Each structure stands twice: as C-alpha cells, then as structure tokens.
Amino acid sequence: MRMYTCGPTVYSYVHIGNFRTFTFQDILRRYLRYRGYQLDHVMNITDIDDKIIRRASETGASLRDYTEVYHKAFEEDARKLRLQTPERVVRATDHVDDMVKAIQKLEERGLTYHSDGSVYFRIGGFPGYGKLSRIDVSGMRAGARVDVDEYEKADARDFVLWKAAKPGEPFWEAPFGAGRPGWHIECSVMAMQYLGETLDIHTGGVDLVFPHHENEIAQSEALTRKPFARFWLHAEFLLIEGQKMSKSLGNFYTLRDVLDKGYSPEAVRYLLASVPYRKQLNFTFDALKSAATAIERLRNFRLRLDSDTLEPGQSAEIGAIGEQALRQFESGLDEDLNTAQALAAVFEYVREINTLMDAGRFKAGDRASARSLLERFDSIFDVLEVYREGRLSADEIQRAIEERLAARKARNFSRADEIRKELAARGVVLEDTKEGTRWKYGDSETSSG
Ligand code: AMP
Ligand code: ZN
C-alpha cells in the first residue's frame, strides 16, 4: 500500500485537532498492517510557508533552526500518542530542486503563467479541476489568482506554484526567479517521488479537500496524465465542547496543554480514536474522563486475567464468545474504520467474560484466548500500557525485533546480539519462543508477542 499523508506545518506546537487527524491515520496504518498489507507510508513536514518565514524572522532564527524545534516537538508529542512513524518522513525544503523541475514541466505543458515574479497554475487548463471537492467552477474568472496558502472563500482560483521572494525572505534560485515553492506543489512532488505516479491512499483532514488536494490532483495529473490517488480519506474536524477550536475563543489546546492538566496520553489517544473518522469529534473534558475510565476497565480486566486463580480446564463457551467479539471488532474496522463498533465489541466481551469469571465459568485454559483478543485490540488502539517517559514504544521494539531477525537470517549474529543488548539497556527483555520473539518491559508485569 502506497500511502501519503499531509503532515504538520511546523511553525508552532501541533494542536489536538491536528492530532485527531494524525491519530486516524495511525489507526488506518495499523489496521492495514493487521490485515496483512505491507505499507510504504510517506508523510511530509511542511517547513516553509508564510507563517514560518514571518515567525522565524521575528525570532532571528534561521528557517531550519526555527522549524527544527517544532518538528522535534511534533515527534515527541506523536510518541506520547503512540503514533507509528511512517516509513518515510520528508521535509519540503529538502526537495525544492524537484519542485522546480515539476514546475518547469508544467510550464512546458502550457499550464502556467507569470505575474510579478511568481508562477501560477492555470486551473482553466486542467479540465478535471474540481472533481474531488465538487467545487463549482462555472463562475470562475480566468486569471483570478491567490498567493496565500489558505483561501478566503471556497471559490476556485489559479494558485501559486512558485512565489517570488520579497526582500529579506529566504529564497531558492530557479529559472523563473528567486523564490520558494507554493504549498501544493510540495505534496505532489514528494508523494510521486517516493510512491510513484498513482498512490493507493492519500489522507488528511477535511479542510484539505479544497483547495489543497484539488490542487495536488491538478498538478500531478497534468504532469503524469494518470490518476493521482485511488482513495482519498479525510478526517472530519475535532470540535471543543461543540465549538470550533480557535485562539480567539480561548479553547485552543495543544497536546501539551491537555497533558499539563493531568490527563494521560492514553486517554487522549483513546478519545481521538474512538469516534469514527468520518464523524465530527466533540472533544470535551468529560469525554476525556470517560476515556480514562474505559481504559481502566480494560487494564483491570487484563490484571484479572493474569492474577485470578482459576480452575483447570477450558470452556467452549468462552472460545465462542471470543470468536464472536473478534468478528465484530474486525467487521467494524473493515467498515471504513468504524472504531466505535470495534470498541463496543471489546467492551461487550469484557462485560460477558467478567460475569462468567464471577460465576467460576472461566477456566485456566481460557486465559490464552482472552489475552490474544486483548492483544489484537491493543495492536490497533494501543492504550493498555502506561506511558513512561523515555520508554521505547511497542512499535519501536517490534521494528528492532524484526531487524534482529533479519540479522540472524543473514547469519550476522554479532549484530543480532547487539540489538538484544541495546533493547536490554532500554529495559526491554526478549524471549525467543517457538512462536517467535516475545518481549516485555523489565519494569512491568506485562508482555506482548
Ligand atoms: P496543518 O499543520 O495545519 O497543515 O494541519 C495538519 C493536519 O491537521 C491536516 O491534515 C489538517 O487537515 C488537520 N486539522 C487541522 N485542524 C483540524 C481539526 N480541528 N480537526 C481535525 N483535523 C484538523
Ligand atoms: Zn499536502
């Protein structure tokens, strides 16, 4: 699966609305892998735009130094939310040469024009314009154009491919003059460079459908004459207590703001993941408390599974309940990532099994199937482990285990050993079994396969 995600613009801390979208992408990633797809997932980091230039120059920092701070902060926040790192995370400013080449090619095709040193894409020259957002282009004025990366109104206009540098601004040299790439061309170029001319999946938040993704399609398809993406998945917005999040309303939260109030990253992750991505998500602090309670229920259930003294034996009834729950869980996620249904299946399961445990009808031999169900659930939702600063994530450990396996296959035993030692130094204990390598954190009782 070749998947592209529009990543953050690194001019300040990423807010929880953004993280709604990134969490949806993480659930999508994990479920595709769960279903056996191999992923090649690219996410860009937008590290050049008007806001960045303005703020960097206000602080006197270079563009790189300024964006590096927020890029690092994003990575740290993403780790706390256990967002798996895409196979490739790429910066716009590392790809400017390729963007220049793409713009030149669009020029050769006669789809551009110049004005005041900037280069614009003429959307009238691309007949399919508007097909994703279904925007009405009938009243479009030829030559009406925008420079800014955010449109004021939802009307179609020619957009900027290359923006002429104003005095004092950072710039790159190009045949059409000193300047910098527009936001839209960044994504087209990086997506196609790493994933080829047609992607399987392109994701983002709904605000990107128009104009950003419409413009990505126009540029890319004009260049290749092939469909740009087979599937577009857009997450609906996160609202705060029913209102649009905004600084002026005083309801604007970064992840840090929420964690500083004492909520756990798992509770935030759970809440963000619990509402199917096609629905608006109403973020409230009450809902965050309920999320924490829900996680507690699951953790208590797991503790009970591990610690209750049980009679020997195994019951067919428990196995059947587990299979039913797993079917519901998977069919929910199969249905366009209906996370609400998947969670409902797990909680129904926990409720039923708790009742059977109380009645003494859950036997020692039933432990394995119940654990396996929890592990499957947690391979997607990932909320059972308590976050600890500095601890490796399950995903990072899994990647290290895979690398160690590959080293062993290549008979590079010293490298394999080194990986085991590196993990041990970070508090992760490996155990090789016939079913594969299991691991656990040395400082807790929990383990995973
Ligand atoms: P940006 O850093 O502004 O480019 O946004 C990063 C991602 O967050 C994009 O996919 C946006 O569509 C998404 N996004 C922005 N605001 C919200 C919100 N309130 N709820 C959900 N997603 C959002
Ligand atoms: Zn993009």
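Position 1 is the first residue of the sequence, and the numbers go up from there. As the structure lists them, so they are numbered: ligands from 1, and atoms in each ligand from 1. Quick caveat, the model's predicted, so the values are computed rather than measured.
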Checklist entry - Distance only, no hydrogens: is a donor on one side chain within 3.5 Å (strictly under) of an acceptor on the other, for R88 and H41? => result no

Item to check | side-chain hydrogen bond (donor to acceptor under 3.5 Å, both in side chains) contacts in which one or both residues fall within residues 286-297, not counting sequence neighbours | outcome: none

Next on the checklist: Going by side-chain hydrogen bond (donor to acceptor under 3.5 Å, both in side chains), name the pairs with one or both residues in residues 227-238, residues two or more places apart or in two chains.
Outcome noted: D200-R230, H213-H234

Checklist entry - Any side-chain heavy-atom pair from F121 and F126 closer than 4.5 angstrom? => result yes

Ion pair [X]/[Y], N-O distance below 4.0 Å:
{"X": "R82", "Y": "D382", "result": "yes"}
{"X": "E396", "Y": "R399", "result": "no"}
{"X": "D94", "Y": "R64", "result": "yes"}

What residue and heavy atom of the protein are closest to [atom], and at what distance?
{"atom": "atom 1 (P) of ligand 1", "answer": "T9 OG1, 3.8 Å"}
{"atom": "atom 8 (O) of ligand 1", "answer": "N18 ND2, 2.9 Å"}
{"atom": "atom 19 (N) of ligand 1", "answer": "F237 CD2, 3.3 Å"}
{"atom": "atom 22 (N) of ligand 1", "answer": "T21 OG1, 2.7 Å"}

Item to check | N or O contact, E236 vs ligand 1, cut-off under 3.5 Å | outcome: no

Checklist entry - Less than 3.5 Å between some nitrogen or oxygen of D207 and one of ligand 1, yes or no? => result yes

Checklist entry - Is the Lys NZ or Arg CZ of K244 less than 6.0 Å from the centre of F237's six-membered ring, within 45° of the axis? => result no

Next on the checklist: Closer than 2.8 Å to the Zn ion (ligand 2): does that hold for any N, O or S atom in H213?
Outcome noted: no

Item to check | Minimum non-hydrogen distance to atom 20 (N) of ligand 1, winning option of L208, L239, L238, I16 | outcome: L238

Next on the checklist: Out of G204, G17, G205, who is nearest to atom 21 (C) of ligand 1 when you count heavy atoms only?
Outcome noted: G17

Item to check | ligand 1-proximal atoms of K244, by part, heavy-atom distance under 4.0 Å | outcome: neither

Item to check | Sub-4.0 Å heavy-atom approach of H15 to ligand 1 | outcome: yes

Checklist entry - At the Zn ion (ligand 2), what is the angle formed between atom NE2 of H212 and atom SG of C187, rounded to the nearest 10°? => result 110°

Item to check | Residue P8 vicinity, atoms of ligand 1 by number, heavy atom under 4.0 Å | outcome: 2 (O)

Checklist outcome for this item: In this structure, OG1 of T112 is separated from CZ of F176 (nearest 0.5 Å) by 8.5 Å

Checklist entry - What's the atom name of the N, O or S in E216 nearest to the Zn ion (ligand 2)? => result OE2

